[in-house]
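For reference, positions follow the sequence shown, starting with 1. Start at 1 and go down the list; that is how both ligands and their atoms are numbered. These numbers come from the heavy atoms of this one structure, side chains and all, not from hydrogens, waters or symmetry mates.
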Amino acid sequence: MPATPAWPPNSLPRLFVDTELAESDEIAIDAAQANYLVRVLRMKAGAQVKLFDDRTGEWLAELTHIGKRDAVLTVEGQLREREEVPDLWLAFAPIKKARLGWMVEKACELGVRRLIPVRTERTIMGGIKPAKLRAHLIEAAEQCERTALPELAEMTSLDTLLSDWPKQRALFYAAERGGGSFRKALVENDGPAGILVGPEGGFTEEEDAAIRAVEQTAPVSLGPRILRADTAAAAAVSLWMAGRGDWN
Ligand code: SAH
């Protein structure tokens, strides 16, 4: 889905296209994107747009053809290389639709590299709709000027997540009880990392024990209050980004 017209103000519209971009390419955009540029933004032939492809970076393009339901953009020149995204993963249990949408949008804006939906015992949502989540991620990336989309991993079980967790990657486990200092965990773990947040009902005692048994796990507290899963995810990602990401 294209970015909403009011934001960002005074800047060129930005669209993701799922094809590798190069100078002089003619890109036929889909009906939704064409509708957004031509009917929502009332752009005319000759207007400029920014495109990014999650492969090469960001490009300036010109609207060169307007059809009934489609439009063509001609790529003019490269504006930016594809960025290097901080090496942070976010593993989360699917939560209710509106909160999940919010959570993935914020994860994208805050700079997460990879999102991993995890099935846990108390996960109340049956599954995720990957196409919907990806659409959220694309919209967030368009708005926040990312040149790289977050990867969306396939849904996995908690067991598999834990047994496959890479040796060199710290696992910041958001633990509402018995979590240690986030600041201290950041000092002790300066490499690639992932954050694990539970579902609305939290993890079971067995799950909690299994997570803590993983060598790479650092149980971290996000304060004395119980946060909703979406709040916990945004808070933990922010803390990691400020300490180890690209916010400095
Ligand atoms: N188990 C709780 C609710 C879980 S909150 C209950 O039902 O009482 C959802 C998730 O957010 C938790 O699994 C945890 O990962 C995270 N979380 C919430 N508050 C937290 C806090 N203060 N510190 C660390 N993690 C927290």
Specify side chain, backbone, both or neither for Ala232, according to which of its non-hydrogen atoms lie closer than 4.0 Å to ligand 1. side chain
Regarding Thr147 and Glu83, do their side chains bring together a donor and an acceptor under 3.5 Å, going by distance alone? yes
To the nearest 0.5 Å, tell me how far Glu176 CD sits from Asp208 CG. 8.0 Å
Among all the protein's non-hydrogen atoms, which is closest to atom 19 (N) of ligand 1, and how far away is it? Leu227 N, 2.9 Å
Should the proximity of Ala236 to ligand 1, defined as any heavy atom under 4.0 Å, be assigned to the side chain, the backbone, both, or neither? neither
Considering non-hydrogen atoms of the protein only, which is the closest contact for atom 8 (O) of ligand 1, and what is the distance? Arg177 NH2, 4.2 Å
When you measure from atom 15 (O) of ligand 1 to every protein heavy atom, which one gives the shortest distance, and what is it? Ala174 O, 2.7 Å
Tell me whether the rings of Trp165 and Trp89 are parallel (<30°), tilted (30 to 60°) or perpendicular (>60°). perpendicular
How far is atom 12 (C) of ligand 1 from its nearest protein heavy atom, and which residue and atom is that? Glu176 OE1, 3.4 Å
If you apply the rule side chain to side chain contact (heavy atoms under 4.5 Å, CB included), what do you find for Glu20 with Asp25, and how did you get there? CA-CA 9 Å; Glu20 185 167 324; Asp25 277 357; over 6 Å; no
How far is atom 3 (C) of ligand 1 from its nearest protein heavy atom, and which residue and atom is that? Glu200 O, 3.2 Å
I'd like to know if Gly223 contacts ligand 1, where contact means a heavy-atom distance under 4.0 Å to any ligand atom. yes
When you look for heavy atoms under 4.0 Å from ligand 1, do you find them on the side chain of Thr231, its backbone, both, or neither? neither
Enumerated ligand 1 atoms positioned under 4.0 Å from heavy atoms of Arg225: 19 (N), 21 (C), 22 (N)
Can you confirm whether Arg80 is buried at CZ, in the sense that more than 12 heavy atoms of other residues, nucleotides or ligands lie under 6.0 Å from that atom? yes
I need the atoms of ligand 1 closer than 4.0 Å to a non-hydrogen atom of Val220, numbered in the order shown. 24 (C)
Flag side-chain contact, heavy atom, 4.5 Å: Arg212 against Pro219: yes
May I ask which of Pro199, Gly201, Gly202, Ala93 has a heavy atom nearer to atom 9 (C) of ligand 1 than the others do? Pro199
Which residue holds the protein heavy atom closest to atom 23 (N) of ligand 1, what is that atom called, and what is the gap in Å? Leu222 N, 2.9 Å
Could you measure the distance from the CG atom of Asn189 to the CD atom of Gln168? Nearest 0.5 Å is fine. 11.5 Å
Gln33 versus Val17: any side-chain heavy-atom pair under 4.5 Å? yes
Under 4.0 Å from a heavy atom of Ile226: give me the atoms of ligand 1 that qualify, with their elements. 3 (C), 19 (N)
Which residue owns the protein heavy atom closest to atom 10 (C) of ligand 1, what's the atom, and how far is it? Gly198 O, 3.6 Å
How long is the span from the CD1 atom in Ile138 to the CG atom in Asp54, to the nearest 0.5 Å? 9.0 Å
Looking at Phe52, is Arg14 sitting on its ring face, NZ or CZ under 6.0 Å from the six-membered ring centre and within 45 degrees of the normal? yes
